[in-house]
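Before any comments, here is the structure.
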Amino acid sequence: MYEPVIGLEIHAQLLTRSKMFCACPVVDLTEAAPNSAVCEVCSGMPGTLPVVNEKAVEYALRVALALECEINPASVFARKNYFYPDLPKGFQISQYEEPLARTGRLTFRLDGADRTVRIRRVHLEEDTGKTTHVPAAAVPDEGENLADSPIRPFAYSLIDLNRAGVPLLEIVTEPDLGSPEEVGACARALRRLLQYLDVNTGDMQKGVLRIEPNVSVRPAGRTELGTRTEVKNLNSFRALERAVAFEIERQTGVLEAGGTVVQETVGWDEAAQAAFPQRGKEEAHDYRYFPEPDLPPLILAPDFIERVSAGLPERPHDRFLRYMAEYGLGEYDADVLTADREVADYFEAVAAQLAHSPALRAGEGEVEGASDPKTAANWITGELFALMNQAEDKIATIRVRPEDLAALLGLLAAGTVNAASAQKALAEMYRTGRQAAEVVEALGLAQ
Ligand code: ADP
Ligand code: ZN
Ligand code: MG
């Protein structure tokens, strides 16, 4: 029997307006014209100097604090040297020996229980440009004689430096995860946290959040780690879980057949649902890291850390636990309501309204308990979400305000309307933005 061991490396673009070391705007790669947000600094012209983006440091710090890390009072930027056409400087500015933060943890939920993954480090770096290889077959004239060539399957490559220098946060976990499901739950929790902190949109399809699992297997009970592979190109949680499951199975097969696992980087082929070798594992010494001579150590003043810490929102997992404890919600409702911070705020505003108007409280109307927080939860995740899905709305822009929904639930609790009428009233309130009592009156819904 073999047991899987998995650690995650996460790269998250930070939602700053400008890039990490220059004033270029951060643009959407799918919308902006290629190379339209580029300057001398991010295109690597000789003689230019980087300047650290303070907002990026603040966002990174938010994440590090929310992950309960020890903050490094003086972190150091380093050059990670390698050549790639979309890296015109010939090095990436990253942090190496002295990262922004270390030794934290993230708690997440799986199968009704809390689990914790330890965080090894959190550091700041910059993204590279984006290369698009154009297959020879796609180029009619020139392509014809190249298409069959094993040496030149690509006619040419396109480089877009709009992404070069975009602030990137790297988060590395300890190898604490033991199954594809656990990896999925952990990754989802991390995305939710980044979204709550307003530092990343969580859009994996667009590549602004990239999660790379390192996977190994070892004989069950053994404490030594097995040889790992690192999986790249995962653009959904589903792909992440599938890829981890694939690698566990493949490596177990190799070991069972008496072979050895090769340490390498593999790519995930979504169409084939299989991983394929990409390159041999590079080691730190391959990169010839050295401290970036153009940037002084990043010193974080205690009052800056204090200010960022004071501004942190309640974390999603804490909120999830609180919704179960304080409002008596079940796992499912608490999870759905805290998936999105704005939905969670909305629910809480409805619940507060119910608690503050004694006449609306549970048990005081004819329908026992009809306006308690659980009922509010049901109406939000049921009727309201259905209306929002139909209209493709986000909760921040809907016309039914929390107090309007609370008022409707109050009428329901008082027995003024029954559930079917309340449903009709809500649809009308949703359409027109009118208040509950008004709609019930106008449509003659009172019983
Ligand atoms: P790098 O990939 O840059 O060499 P590390 O060696 O620090 O970086 O490891 C990266 C990730 O791989 C971390 O999340 C770590 O927990 C995980 N990891 C390291 N060794 C193993 C292993 N044998 N099996 C599974 N995961 C591992
Ligand atoms: Zn620039
Ligand atoms: Mg790695």
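We count ligands from 1, going down the list as the structure has it; atoms in each ligand are counted the same way. Worth saying up front: this structure is predicted, and the values here are computed from it rather than measured.
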TODO: I would like to know whether R319 and E348 meet side-chain contact (heavy atoms from CB on, under 4.5 Å); could you show each step before the answer?
DONE: CA-CA 11 Å; R319 208 161 187 185; E348 219 154 332; 3.1 Å; yes

I'd like to know whether the aromatic ring centres of [X] and [Y] sit less than 6.0 Å apart in this structure.
X: Y287; Y: Y82; result: yes
X: F246; Y: W268; result: yes
X: F21; Y: F77; result: yes

Open item on the list: Does only the side chain of N214 get under 4.0 Å from ligand 1, or the backbone, or both, or neither? Count heavy atoms.
Closed with: both

- [ ] Could you count the protein N, O or S atoms found under 2.8 Å away from the Zn ion (ligand 2)?
- [x] 4

Taking 4.0 angstrom as the limit and counting only heavy atoms of [X], give me the atoms of ligand 1 inside it, by number and element.
X: G7; value: 14 (O), 16 (O), 26 (N)
X: E174; value: 16 (O)
X: V172; value: 13 (C), 14 (O)
X: L8; value: 14 (O)
X: E230; value: 2 (O)
X: P175; value: 16 (O), 26 (N), 27 (C)
X: T173; value: 13 (C), 14 (O), 15 (C), 16 (O)

- [ ] Under the side-chain contact (heavy atoms from CB on, under 4.5 Å) rule, collect the residues that match up with A334, sequence neighbours excluded.
- [x] F320, Y323, M324, L329

Open item on the list: Among residues at least two apart in sequence or on other chains, which ones pass side-chain contact (heavy atoms from CB on, under 4.5 Å) with D114?
Closed with: T107, R109, H317, L321

Task: Modelled atom types, side-chain donor and acceptor of T229 and E247, under 3.5 Å - done: yes

- [ ] Return yes if a side-chain donor-acceptor contact under 3.5 Å exists between R242 and Q273, otherwise no.
- [x] yes

TODO: Give a yes/no verdict on whether any heavy atom in R120 is under 4.0 Å from an atom of ligand 1.
DONE: yes

Open item on the list: Is there a polar contact, in the sense of an N or O pair closer than 3.5 Å, between G226 and ligand 1?
Closed with: yes

TODO: Could I get the full list of side-chain hydrogen bond (donor to acceptor under 3.5 Å, both in side chains) partners for K89, not counting sequence neighbours?
DONE: E126

TODO: Look at the side chain of S309 and the backbone N and O of I305, then say whether any donor-acceptor pair between them is shorter than 3.5 Å.
DONE: no

Open item on the list: Before you tell me yes or no, could you show the steps for H11 and E9 under side chain to side chain donor-acceptor pair (under 3.5 Å), namely the whole-Å CA-CA distance, both residues' side-chain angles and the distance that decides it to 0.1 Å?
Closed with: CA-CA 7 Å; H11 287 93; E9 276 175 66; 5.3 Å; no

